[in-house]
Amino acid sequence: MNKLIRIDSNVTVQQALDFVETPDCGGVVVFSGNVRNNTKGRKVNKLFFECYEPMALLEMEKIADNAVEKFALKKIAMLHIVGEKQPGEVVVVIAVAAPHRAAAFDACEYAIDTLKDTVPIWKKEYFEDGEVWVAAHP
């Protein structure tokens, strides 16, 4: 098994890193997306994420399969949360392992960019003076 795909209420960088580390790869790249404490000058109190899980998992599987093929990855982990998160907490983690660093960097960027463009995960930002659904994902 060369991929770990998960949607859960709690994900960590360490979970992804533990999965992808392998002695045959010199390039391991990890992206961690965390909740910011502000958006456009407004203080963010929390974020709430929801998704259509069956479709989200299928889309994440496609991204992982494409990344493995396109960048000759040995392993990839794609983890995303659902539920409520506070500023500073982890929301999404992408980790990849490839024989060489260039492919690992390119694959990690491809995976997070494609996830944000295609996976049906939505977020709601909560501010001191209201809340708004953000069209960050489809």
NZ/K43: more than 12 non-hydrogen atoms of other groups inside 6.0 Å: no

How far apart are the C-alpha atoms of L73 and N2, what are their side-chain angles, what is the distance that settles it, and do they pass the side chain to side chain contact (heavy atoms under 4.5 Å, CB included) test? CA-CA 9 Å; L73 298 179; N2 64 348; over 6 Å; no

Minimum heavy-atom separation for I81 and G83, please, with both atom names. CD1-O, 3.8 Å

Side-chain touch E59/Y52, heavy atoms, less than 4.5 angstrom: no

Result of checking E128, E131, E84 against K46 for salt bridge (charged side-chain N to carboxylate O under 4.0 Å, His left out): E84

Atom CG of L115 and atom NZ of K62: how far apart are they, to the nearest 0.5 Å? 13.0 Å

Non-hydrogen side-chain atoms of F48 and W133 separated by less than 4.5 Å: yes

Do the non-hydrogen side-chain atoms of V90 and V11 ever get within less than 4.5 Å of each other? yes

Please give me the minimum heavy-atom distance between N45 and P87, naming the atom from each residue. O-CD, 3.3 Å

Least distance between heavy atoms, I63 atom then Y110 atom: O-CE2, 3.8 Å

If two hydrophobic side chains count as joined below 4.5 Å and joins carry through other members, does V132 share a cluster with V44? yes

Counting C-beta onward and ignoring hydrogens, is there a side-chain heavy-atom pair between I7 and M60 closer than 4.5 Å? yes

Heavy-atom count around Q86 CD within 6.0 Å, excluding the residue itself: above 12? yes

Aromatic F49 / basic K85 pairing, under 6.0 angstrom, 45° off normal: no

Going through the checks in order, is the side chain to side chain contact (heavy atoms under 4.5 Å, CB included) test met by V68 and K3? CA-CA 9 Å; V68 166; K3 59 189 171 185; 5.6 Å; no

Using every non-hydrogen atom in the two residues, find where M78 and A111 come nearest and quote the distance to one decimal. CE-O, 4.1 Å

Heavy-atom closest pair, residues A95 and V20: O-CG1, 3.4 Å

Go through the steps for L47 and E125 under the test side chain to side chain contact (heavy atoms under 4.5 Å, CB included), then give the verdict. CA-CA 5 Å; L47 296 182; E125 289 183 308; 3.1 Å; yes

What is the minimum heavy-atom distance between C25 and P99, and which atoms define it? SG-N, 3.9 Å

Separation between CD of E109 and OG1 of T114, rounded to the nearest 0.5 Å: 9.5 Å

Check whether L58 and I112 end up in the same hydrophobic cluster, where Ile, Leu, Val, Met, Phe, Trp and Tyr are linked by side-chain heavy atoms less than 4.5 Å apart. no

Min side-chain heavy-atom separation F31-V96 under 4.5 Å: no

Sub-4.5 Å side-chain heavy-atom contact between V119 and H80: no

Nearest-0.5 Å distance, OG1 of residue T12 to CG of residue L79: 7.5 Å

With the threshold set at 4.0 Å, does a side-chain nitrogen-carboxylate oxygen contact exist between K70 and D106? no

Close side-chain approach of R101 and V29, heavy atoms under 4.5 Å: no

Please determine whether side chain to side chain contact (heavy atoms under 4.5 Å, CB included) holds for the pair L57 and I5, giving the CA-CA distance in whole Å, both sets of side-chain angles, and the decisive distance to 0.1 Å. CA-CA 7 Å; L57 290 170; I5 309 297; 3.9 Å; yes

